[in-house]
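A short worksheet on the structure shown next.
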Amino acid sequence: FKFPLPLNYGMKLLGEEADFDLPYDIMKYAVATNATQEQPHLPNPMQKPASHFTRILKNIFVDRKSHKPKERPICACDVPADGEYACGDNCLNRCMYIECSPTDCPAGEKCSNQRFQRRESVEELEVFWTAKRGHGLKTRVNIPRGQLVIEYRGEIISQDTCIERMETMYKSLENYYFLDYAPGEVIDACRKGTEARFVNHSCEPNCHIEKWQVDGEWCIGVFSTEDIFAGSELTYDYRFQAFGPMQRCLCGAQNCRGFIGVNKK
């Protein structure tokens, strides 16, 4: 003869917490196979693979040949007596966002105004999954303010070619990687480019876009607006640089404008 369990006893059992112990045979097998060590996190089932692209070392001109400068920009900078680098903030070329010529700059190897040509960018960058905003780009090292983080490269095409690609070969794509290059021209980084294509928008960014004249053409780079700590995501404001229609912003910044691009209201 057994008495029935008290009323609501099942709810009491469900509310109690107790440490879980593996059965002896399973625990013995786990120890033998070293399965008790911490295992790496499983991939997020919602994560999509990063879109494939070909890395390139310089822009590719599709609809025209690259322009060559008619004359070399020569500054009047002198090499400091202490041997430090020249062509700093007072350099005339730097003030006009023009890089010095490696062969004609009077400072020679001491010129510090050739960052694109010498590829003085940050190599320790990592593409990662952000969930709400797709893939993003973060740094594995600290980046000081004013540093060229990465150059935005791709195929230089006309706006007509851009529209044609959007209506044909890119018709099924979810994401486009376009950036204004020059009047009537666009950088297309959908197929060829650098990891700069993964830099997301933010209404409160830690980076910005700069356009420099280098050897007769433009070089567009992502520069740090502030000191950036290792592990931080890199972002810039698409307001003036984005090519394409407005879309809802998911940056999460306190001063978020709600939309990416210029507000048309």
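Values below: all heavy atoms of this structure, side chains included; hydrogens, waters and symmetry mates excluded. Just so we're clear, the structure is a prediction, and the values are computed from it rather than from any experiment.
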Inset, instruction - To the nearest 0.5 Å, tell me how far Lys192 NZ sits from Ile187 CD1. - result: 14.5 Å
Inset, instruction - Look at atom CG of Asn255 and say whether more than 12 heavy atoms of other residues, nucleotides or ligands are closer to it than 6.0 Å. - result: yes
Legend entry - Under 3.5 Å: donor-acceptor pair, side chain of Arg153, backbone of Leu57: yes
Inset, instruction - Give a yes or no on whether Arg145 atom CZ has more than 12 heavy-atom contacts from other residues, nucleotides or ligands under 6.0 Å away. - result: no
Legend entry - Nearest heavy atoms of Cys100 and Cys87, plus distance in Å: SG-SG, 4.0 Å
Inset, instruction - For residues Ile228 and Cys207, determine if any side-chain heavy atom of one lies less than 4.5 Å from a side-chain heavy atom of the other. - result: yes
Legend entry - Residues Lys58 and Glu217 bridged, charged N to O under 4.0 Å: no
Inset, instruction - Determine whether more than 12 heavy atoms belonging to other residues, nucleotides or ligands lie under 6.0 Å from atom CG of Asn90. - result: no
Legend entry - Side chain proximity check, Arg94 to Asp89, heavy atoms < 4.5 angstrom: yes
Inset, instruction - Give a yes or no on whether Trp218 and Ile98 share a hydrophobic cluster (residues Ile, Leu, Val, Met, Phe, Trp, Tyr; joining criterion: side-chain heavy atoms under 4.5 Å apart). - result: no
Inset, instruction - List the atom of Gln254, the atom of Glu204, and the distance in Å for their closest heavy-atom pair. - result: N-OE1, 4.0 Å
Legend entry - Non-hydrogen side-chain atoms of Arg191 and Phe53 separated by less than 4.5 Å: no
Legend entry - Closest contact, heavy atoms only, Pro106 versus Cys75: CG-O, 3.5 Å
Inset, instruction - State which residue, out of Ile156, Ile157, Asp188, fulfils the side chain to side chain contact (heavy atoms under 4.5 Å, CB included) condition with Tyr181. - result: Ile156
Legend entry - Donor-acceptor contact present, side-chain Asn59 to main-chain Gly154, <3.5 Å: yes
Legend entry - Hydrophobic cluster of Ile56, others only, ordered by chain and residue number, side-chain cut-off 4.5 Å: Ile60
Inset, instruction - Return the minimal non-hydrogen interatomic distance between Asn142 and Ala230, and the atom names on each side. - result: OD1-N, 2.8 Å
Inset, instruction - Would you mind reporting whether Arg55 and Glu195 have side-chain heavy atoms less than 4.5 Å apart? - result: yes
Inset, instruction - Apply side chain to side chain contact (heavy atoms under 4.5 Å, CB included) to the pair Ile220 and Ile209, showing each step before the final yes or no. - result: CA-CA 7 Å; Ile220 299 178; Ile209 293 292; 3.6 Å; yes
Inset, instruction - May I ask you to decide if the ring planes of Tyr238 and Tyr236 are parallel, tilted or perpendicular, using 30° and 60° as cut-offs? - result: tilted
Legend entry - Residue pair Pro144 / Ser224, side-chain heavy-atom distance below 4.5 Å: no
Legend entry - Tyr152: ring-ring contact (aromatic ring centres under 6.0 Å, His included) partners, not counting sequence neighbours: none
Inset, instruction - Decide if atom OH of Tyr85 counts as having more than 12 heavy atoms of other residues, nucleotides or ligands within a radius under 6.0 Å. - result: no
Inset, instruction - Indicate yes or no for a side-chain donor-acceptor contact from Gln147 to the backbone of Glu120 under 3.5 Å, with no hydrogens or angles considered. - result: yes
Legend entry - ILVMFWY network linking Phe229 to Ile143, side-chain heavy atoms under 4.5 angstrom: no
Legend entry - Residues in ring-ring contact (aromatic ring centres under 6.0 Å, His included) contact with Tyr177, at least two apart in sequence or another chain: none
Inset, instruction - Taking the side chain as every heavy atom from C-beta outward, state whether Asp237 and His201 have any pair of such atoms under 4.5 Å apart. - result: yes
Inset, instruction - Check whether any side-chain heavy atom of Val122 sits under 4.5 Å from a side-chain heavy atom of Ile150, and report yes or no. - result: no
Legend entry - Same apolar cluster (I L V M F W Y, side chains within < 4.5 Å links), Phe198/Val141: yes
Inset, instruction - I would like to know whether Leu125 and Val149 meet side chain to side chain contact (heavy atoms under 4.5 Å, CB included); could you show each step before the answer? - result: CA-CA 9 Å; Leu125 303 178; Val149 180; 4.2 Å; yes
Legend entry - Interatomic distance, Arg133 atom CZ to Cys249 atom SG [nearest 0.5 angstrom]: 8.5 Å
Legend entry - Joint hydrophobic cluster, Val199 plus Val127, side-chain heavy atoms closer than 4.5 Å: yes
Legend entry - Straight-line distance of Leu179 CG to Arg197 CZ, nearest 0.5 Å: 13.0 Å
Legend entry - By salt bridge (charged side-chain N to carboxylate O under 4.0 Å, His left out) - contacts of Glu99 (at least two apart): none
Inset, instruction - Measure across Gln159 and Glu185 and return the closest heavy-atom pair with its distance rounded to 0.1 Å. - result: CG-N, 4.2 Å
Legend entry - Stepwise side chain to side chain contact (heavy atoms under 4.5 Å, CB included) check, Val186 with Arg165: CA-CA 12 Å; Val186 176; Arg165 290 186 175 187; over 6 Å; no
Inset, instruction - Could you grab the distance from atom CG of Asn113 to atom SG of Cys105, nearest 0.5 Å is fine? - result: 7.5 Å
Inset, instruction - Say whether, by atom type as modelled, one donor and one acceptor occur between the side chain of Asn200 and the main chain of Leu137 under 3.5 angstrom. - result: no
Inset, instruction - Would you mind reporting whether Pro102 and Gln114 have side-chain heavy atoms less than 4.5 Å apart? - result: yes
Which pairs of donor and acceptor atoms, one on a side chain in residues 65-74, lie under 3.5 Å apart (sequence neighbours left out)?
{"residue": "His67", "atom": "NE2", "partner": "Arg64", "partner atom": "NH1", "Å": "3.4"}
{"residue": "Arg72", "atom": "NH1", "partner": "Asp215", "partner atom": "OD1", "Å": "2.8"}

Inset, instruction - Measure the spacing between CG of Asn206 and CG of Leu234 and express it to the nearest 0.5 Å. - result: 5.5 Å
Inset, instruction - Among Ile, Leu, Val, Met, Phe, Trp and Tyr joined by side-chain contacts under 4.5 Å, find the other residues sharing a cluster with Phe116 and list them by chain and number. - result: Tyr97, Leu148, Trp212, Val214, Phe223
Legend entry - Distance in Å, Ser202 OG paired with Leu250 CG, rounded so as to fall on 0.5 Å steps: 11.5 Å
Inset, instruction - Would you confirm whether Thr130, through its side chain, and Gly134, through its main-chain N or O, come within 3.5 Å as a donor-acceptor pair? - result: yes
